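For reference, the structure discussed in these notes is given below.
Just so it is clear, the values below take in all heavy atoms, side chains as well, and ignore hydrogens, waters and symmetry mates. Predicted model only: the values in this text are computed from it and were never measured. Residue numbers count from 1 along this sequence.
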Amino acid sequence: MSRNAALFAILCLVWGLTFLPVRVASEHASPLLLASARFVIAGVLLLAWAGRDVLKVPRAAWPRLIATSLLVNTANYAFLFWGAAHAPSGLSAIVNMATIPVWTLLASRMLEGQAITARRVLAIALGIVGLGFLFAQRLVGGGSASGDVLEAWGLAAVAFGTLCYCVGAVLSRRIAGTMPTLTLASWQTAIGALGLVAATLALEPVGARELATLLRWPVAPAVAFLVVAGSLVGFTIYIRLLRDWGAFGAGLYAFVSPVIAVIAGVLLLGEPFGPSEAVGAVLMFAAAAIALRR
């Protein structure tokens with residue numbers, strides 16, 4: 001096995017497992033507080049890692065940098081963490097990762113005027129039908145597989161958060177070439193963290209008791225895993241694979257990580273995964289494959 005193949009396997013494993021600690025920790029701390037803690041710590045570490053390069057942001061790029069930060073990190077992770085707290089971790093991973101290529105196609109069309117070919121229309125259609133299968137039991141049956149009455153809303157929140165991420169990512173393209181990649185990522189993380197903190201303070205009670213929860217089991221190791229493995233290790237490997245394999249090769253994690261997330265959720269948390277979810281997952285993977293195809 002080549003070094004990049006081994007790194008790809010680590011990336012798939014790490015990002016496939018990130019939904020598990022969110023699900024577990026959210027039973028003890030609020031989702032927004034968890035997201036804030038993760039990105040405050042990650043933002044500080046990434047800015048320190050970037051070093052002097054943090055100053056390499058053109059003045060003209062700041063307005064778009066701030067706007068995209070609020071989309072890519074604040075809005076995305078506020079909805080994603082809240083949604084993952086109410087939906088099975090495996091399904092949350094599928095909705096998140098498999099819709100990224102589809103949402104990116106739509107965002108590129110709306111914001112940049114990229115042509116929607118027949119192949120891309122097929123990808124979008126399959127993605128919508130796949131989401132329909134994932135939601136079928138929760139909407140038609142009027143219930144949830146996990147017992148959480150907010151499960152359908154949770155999956156919808158994950159899908160909407162992912163859309164925010166994709167819109168922000170497309171808008172980031174115009175400034176991506178004006179600064180080092182790590183500089184862009186570190187500032188987006190730090191600014192996004194400020195937005196998450198503001199949202200948390202505005203929407204949730206935050207006091208000494210809530211902050212102390214972040215230092216207790218199982219919240220503390222969950223946040224540590226999200227910061228170290230999910231943000232720092234995962235991001236570093238992904239940037240290397242982007243350089244060596246290109247966007248298509250690096251993006252193949254979208255087919256592996258959700259499978260790992262489903263297996264982990266079923267084995268460790270006893271999460272349900274029935275025929276409707278399986279059909280929806282296959283259709284969404286097919287949509288992602290078509291969208292990623294060159």
Can you find a pair of side-chain heavy atoms, one from Leu34 and one from Ser26, that are under 4.5 Å apart? yes

Please tell me if the side chains of Leu226 and Ser231 come closer than 4.5 Å, counting only heavy atoms from C-beta onward. no

Using modelled atom types and a 3.5 Å cut-off, is there a donor and acceptor pairing between side-chain atoms of [X] and backbone atoms of [Y]?
{"X": "Asn76", "Y": "Leu71", "result": "no"}
{"X": "Thr74", "Y": "Gly192", "result": "yes"}
{"X": "Arg64", "Y": "Leu171", "result": "yes"}
{"X": "Thr189", "Y": "Gly43", "result": "no"}
{"X": "Thr99", "Y": "Val102", "result": "no"}

Would you be so kind as to tabulate the donor-acceptor pairs closer than 3.5 Å made by side chains of residues 126-135, with sequence neighbours excluded?
none

Using 30° and 60° as the class boundaries, would you call the ring planes of [X] and [Y] parallel, tilted or perpendicular?
{"X": "Trp82", "Y": "His86", "answer": "tilted"}
{"X": "Trp49", "Y": "Phe235", "answer": "perpendicular"}
{"X": "Trp187", "Y": "Trp62", "answer": "perpendicular"}

For residues 211-223, run the donor-acceptor check on the side chains, cut-off 3.5 Å, and write out each pair with its distance to 0.1 Å, sequence neighbours left out.
from   : atom 1 : to     : atom 2 : distance (Å)
Thr213 : OG1    : Arg209 : O      : 3.0

Which heavy-atom pair separates Ala84 from Arg23 by the least distance, and what is that distance? O-CD, 3.4 Å

Indicate the atoms forming the closest heavy-atom contact of Ala107 with Val170, along with that distance. CB-CG2, 3.8 Å

Would Leu7 end up clustered with Leu242 when hydrophobic side chains under 4.5 Å apart are linked, directly or stepwise? yes

Run the ring-centre check on Phe8 versus Tyr253 and record whether the distance is less than 6.0 Å. no

Working note: Phe225 + Leu20, criterion side-chain contact (heavy atoms from CB on, under 4.5 Å); need CA distance, chi angles, decisive distance, verdict. CA-CA 10 Å; Phe225 180 86; Leu20 198 64; over 6 Å; no

Between the side chains of Ser30 and Glu210, is a donor N or O closer than 3.5 angstrom to an acceptor N or O? no

CD1 of Ile66 to CD1 of Ile191: how many Å apart, nearest 0.5 Å? 5.0 Å

Would you tabulate the side-chain donor-acceptor contacts of residues 153-166 under 3.5 Å, counting partners in other chains and residues two or more places apart, or write 'none'?
from   : atom 1 : to     : atom 2 : distance (Å)
Thr162 : OG1    : Asn96  : ND2    : 3.0
Thr162 : OG1    : Val158 : O      : 2.7

Before giving the answer on side-chain contact (heavy atoms from CB on, under 4.5 Å), spell out for Val167 and Leu111 the whole-Å C-alpha distance, their side-chain angles and the decisive distance to 0.1 Å. CA-CA 8 Å; Val167 170; Leu111 299 173; 3.9 Å; yes

